[in-house]
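When reading the values below, keep in mind they use all heavy atoms of this one structure, side chains included, and skip hydrogens, waters and symmetry mates. The structure displayed is predicted, hence computed values, not measured ones. Order of appearance sets the numbers: ligands from 1, and atoms from 1 within every ligand.
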Amino acid sequence: MHDEALRAMGESVINGAPETAAALAQKALMEGVEVLDAINLGFVPGMQQVGEQFAKHAMFLPDMMASAEAMRAAMQVLDSELRKRGMDRPRAGTVILGTTMGDIHEIGKTLVGTLLTAHGFKVFDLGVDVPSEKFAAKAIEVGADVVGVSALLTTTMRGQKSVIEAIERASLRHRVKVIVGGAPVTRRWAEDIGADGYSKDAAGAVTLVQSLLQKEVRVG
Ligand code: B1M
């Protein structure tokens, strides 16, 4: 894919232009561009730049929200394509994802889901602001192998521990692995709360889930 096309994707996110972002995602699919390249080399760098600008107070909240909307519009187009492809493949395992209660950040979590889907996992995304008990209920309903909990705020990280406690209360802890991630989350925090794994990014989350399920000798 041309650098120019990738740059345009990133800019559509930085400029907070959902229609342009969706159109560029659609165009990429029509031109046979690798979906993960469009995500990782096109749209995500735009969102990263937005994060940096916001941290430096060079961008304000309404603009950041528009950027998030553009990112979401592109991901909707690309994610549905990945899901279609995932249907043709044997299932590598079942994963439940969600962002903790009180936290509405969804982009990183959605990205984790997209990459897991692309690697053959069946993913149930519970969305954002998810009560801990809902993770456990869904894990029972679909027979999940892994529950992944994202948190982007220091104030909502505690919710990851609550999810582990809910999984314990539902007597699922022996068969369901819990992984955590999100910008303020660290390996140390994951260990402290008794999570089975931590990944700093979406690609690492895929490797982590694969290795956790291999250890359990669960294949297919
Ligand atoms: Co918010 N926000 N935000 N925000 N926001 C942060 C997180 C912040 C760091 C910005 C800042 O001040 N520099 C800051 C948190 C400070 C803190 O607690 N330490 C912050 C704040 C303060 C807030 C509000 C309180 C602002 C306000 O209202 N005054 C508010 C809170 C709302 C709430 O949740 N209750 C708020 C709101 C919002 C928006 C709604 C405007 C929007 C979210 C829109 C949406 O998601 N639909 C938003 C955004 C976009 C951000 C930043 C700029 C970008 C987040 C993002 O999408 N990054 C963020 C600044 C930053 O992170 N630098 C910020 C791109 C994404 C790909 O990365 O989500 O980190 P990330 O995910 C990565 C990894 O973390 C990892 O993989 C992903 C990809 O590699 N990962 C996992 C994530 N989940 C994982 C799960 C895993 C494994 C890996 O396993 C399960």
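Residue-ligand proximity, D103 to ligand 1, at heavy-atom distances under 4.0 Å covers atoms 34 (O). Under a 4.0 Å criterion applied to the non-hydrogen atoms of V149, ligand 1 contributes the atoms 91 (C).
Side-chain atoms of R173 come within 3.5 Å of backbone N or O of V176 as a donor-acceptor pair. Within the 3.5 Å criterion, the main-chain N or O of I104 finds no donor-acceptor partner in the side chain of D129.
For the pair D201 and ligand 1, the shortest N or O to N or O distance does not fall below 3.5 Å. For ligand 1, the polar-atom distance check against M64 finds no nitrogen or oxygen pair separated by under 3.5 Å. Looking at ligand 1, you'll find an N or O of G102 within less than 3.5 Å of one of its N or O atoms. For a threshold of 3.5 Å applied to N or O pairs, the pair formed by S150 and ligand 1 contains at least one separation below that value. In terms of polar-atom proximity, defined here as any N/O pair under 3.5 Å, S199 makes no such contact with ligand 1. Looking at ligand 1, you won't find any N or O of L111 less than 3.5 Å from one of its N or O atoms. Polar contact with ligand 1: present for H105 (N/O pair, distance under 3.5 Å). Note: no N/O pair closer than 3.5 Å links V50 and ligand 1 by distance alone.
Geometrically, K200 does not engage Y198 in a cation-pi contact, judged by NZ or CZ lying under 6.0 Å from the ring centre and within 45° of the ring axis.
For E106, the closest heavy-atom approach to ligand 1 falls below 4.0 Å.
If you look at I179 next to ligand 1, the close heavy atoms, those under 4.0 Å, come from the backbone and the side chain alike.
Closest to atom 28 (O) of ligand 1 among all protein heavy atoms lies L61 CD2, 3.9 Å.
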